[in-house]
Amino acid sequence: MAKKILILETSVTIQKLFTTTLDSDDYTLQFSADGKSAVYDLFEFQPDLLLINSSIENPKSFEIVRLVRSIKCFKELAIALYSASPSPLDESFALECGATTFVRLEQKTLVLNVDELAQLSAPRIDKSDLLQLKKNLDDGFLFLRSSQVSFESAYKNAILTKLGTLTNQIESIEEMVKSFLLLIAEISEVPIAGLYIVENDGPHGYYVVSENIGEKEIADFLSVCATDFEKILPDYNASKINAKQLESSPAMNRFFNKDVQLSSYETEPLHTSDESEYFGSVHIVSDGNISGIAQDFFTFCVKSVGDIFSKALIVEKKIFFEKRIRRAFSRFVPAQVIDSLVEQTDENDESVGVGETRTVAILFSDIRSFTNISERNKPDVLVAFLNRYFTVMVDIIRKHGGTIDKFIGDAIMAEFGTPVSYEDNCKRAVAAACEMRDALETLELGDLVLPDGMKFDTGIGIHYGDVIVGSIGSKDKTDYSVIGDSVNLASRLEGLTKTYGAHILVSDSVFEDAGEDSFAFRHIDDVRVKGKKNAVPIYAVDKSADEFTPEYKDYYVKGMDLYKKGIWNLARDYFQKALSESEGDKAAALLLSRCEEFIKNPPENWDGAIAFNTK
């Protein structure tokens, strides 16, 4: 059977090209001179394919396509727009108005183009529908259909405008859902509408309902909604969702007739416009049939709102993330640091919450002989003092951009470089340590009782190295913290402050990053702490360059050089001279005693570093 093709073409030249190209028994062609004639010819000729020149005017080609598509029996008809010289938007506009395809006609490929167009076909037209509509076919019918197409276009524009206002509620998913469902109920003329959506903390269900609908009908509706939601997003168990009823509108009552059973149900998936992400579903049910135009508006509305809800979910995720950051850091991190952290984190970035490697300066501070102090004080006195002490120290650390990781009894663990990093993390850490040391002079002891002859003091150790950063803990309690060898080394350095009689000890990585001239650094020893193979040069941070005499420093440096080379008898003499310059200096006394011990019992495989095998 020959394929019947109706062609709306006013150019005699192009008509001739079609006639010549499709001159075979496979095709039967008929040409229409204008849009009105083409619609009449559709009923008489009943084609398999409608071809329309996209440059047709009065009415325009896209208006003709929309008009044809609005006629029930031609909804599936294959329609192609074509042009010999299309504009950049012609193809997308053709598809938007309802054409099946768009083809560029070129002289060299005209035969192929036309043949491809002729291959387009659709299910045969329903003859009974056609006959019924043909009875009413006149200019009045075409006018009404054209008016309806114009109404639908205007109504859809109004829907888009209304959907645009949802962005005013973008920081509240629930408010957005309520406004959207009330709009859906209105345009679809249904007494109940529901939406299931995957939010930051999992799937949620919402619905609006006429006050005249019973609990059983609502439960049945929600059960079907949950089932369809799982079909779209099978990874979620929708049966466990307790859908929330949102405030309805009295206007919905007019869409429910208690004498007619709820029987007509429709659902659409909720996704981004490019369908790259599916995150929910929208559902409606009505008593009696949902009209074709209501179904059309429902589908259009859901498809148009996908990107808006996608952005709202991103905003919700960011708000949740920001609240979590502020809750985790507010007591221990300066407000400006938290603000900076939030600004640096984009909508889809949760790197602060997961494990990542960073290079940070870790600071440990501990009160000397706290066990002895605690034995001499009542618990309430001790707690009151610790609160005052921690307040002073935390304020100093925050002032320099540090973050309090945790309190470990009387100890403080802090980091510089996470969650917000600076170019001078080591300088900030050492500056904070120096100010913490100086603050001890004015620290209010209150009723705290110290052991006889004891002065309140602390030790601080700082190391700069790689750590693993993230939220660490159980599902019920997590802390933003750091772990790794660098943390252990910082803790070991704090422990060695008492051994060497130094208030502050830092590793060589801190010394190198902060800069030799930035503080009064003094090389004090090379040590190998528990858990580390390589020796670590350690430095004391003096209050000023004048804290020790130039002679002391010269003696100590020369003694250390000889000590590391294993020339302990000569090194001993220099450490004795250093000790004479600074009586009571624990570091010089310690190195002197080692030299004396090593002269008697030389260590095997000496590499210049002493090992500390205790924590």
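Keep in mind it's a predicted model, so treat the numbers as computed, not measured.
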Worksheet entry | Within 6.0 Å of NZ in K498, more than 12 heavy atoms from elsewhere | no
Item to complete: Answer yes or no: is there a donor N or O on one side and an acceptor on the other, between the side chain of N425 and the main chain of V360, under 3.5 Å?
Response: no
Response to the item:
Hits for side chain to side chain donor-acceptor pair (under 3.5 Å) against T272, two or more places apart or cross-chain, chain-then-number order -> D274, S276
Discussion item. Does atom NZ (K586) have a neighbourhood of more than 12 heavy atoms from anything else shown, all under 6.0 Å?
Written reply: yes
Worksheet entry | N168: partners by side chain to side chain donor-acceptor pair (under 3.5 Å), with sequence neighbours left out | none
Discussion item. As a quick check of understanding, evaluate side-chain contact (heavy atoms from CB on, under 4.5 Å) for L313 and I173, giving each step before the final call.
Written reply: CA-CA 7 Å; L313 291 172; I173 289 287; 3.9 Å; yes
Discussion item. Suppose the criterion is salt bridge (charged side-chain N to carboxylate O under 4.0 Å, His left out): which pairs have a residue in residues 556-578, not counting sequence neighbours?
Written reply: D526-K564, D554-K558, D561-K565
Discussion item. Heavy-atom count check: over 12 atoms from other residues, nucleotides or ligands less than 6.0 Å from Y236 OH?
Written reply: no
Worksheet entry | Sequence-distant partners of F390, ring pair (Phe, Tyr, Trp, His ring centres under 6.0 Å), two or more places apart | F407
Item to complete: Using the salt bridge (charged side-chain N to carboxylate O under 4.0 Å, His left out) rule, take R492 and D485 through it: C-alpha gap first, then chi angles, then the decisive distance, then the call.
Response: CA-CA 10 Å; R492 303 288 188 276; D485 285 344; over 6 Å; no
Practice prompt. Keeping to residues at least two apart or across chains, list the salt bridge (charged side-chain N to carboxylate O under 4.0 Å, His left out) pairs with something in residues 424-434.
Written response: D424-R428
Worksheet entry | side-chain contact (heavy atoms from CB on, under 4.5 Å) against D513, all qualifying residues, sequence neighbours excluded | C426, Y464
Worksheet item: In chain order, what residues pass the side chain to side chain donor-acceptor pair (under 3.5 Å) check against E435, with sequence neighbours excluded?
Response: K399, H400
Item to complete: State which residues pass side chain to side chain donor-acceptor pair (under 3.5 Å) with N372; sequence neighbours excluded, sorted by chain then number.
Response: none
Practice prompt. Look at the side chain of D607 and the backbone N and O of A609, then say whether any donor-acceptor pair between them is shorter than 3.5 Å.
Written response: yes
Fill in: M393 vs T458 side-chain heavy atoms within contact, under 4.5 Å
no
Discussion item. Run the salt bridge (Lys or Arg N to Asp or Glu O under 4.0 Å) test against E175 and tell me which residues pass, sequence neighbours left out.
Written reply: K178
Worksheet item: Salt bridge between E174 and K244, side-chain N to carboxylate O under 4.0 Å?
Response: yes
Response to the item:
Residues at least two apart in sequence or cross-chain that pass ring pair (Phe, Tyr, Trp, His ring centres under 6.0 Å) with Y556, listed by chain then number, are Y552, F575
Worksheet item: Who are the ring pair (Phe, Tyr, Trp, His ring centres under 6.0 Å) partners of H271, not counting sequence neighbours?
Response: Y278
Worksheet entry | Listed partners of F309 passing ring pair (Phe, Tyr, Trp, His ring centres under 6.0 Å), at least two apart | F180
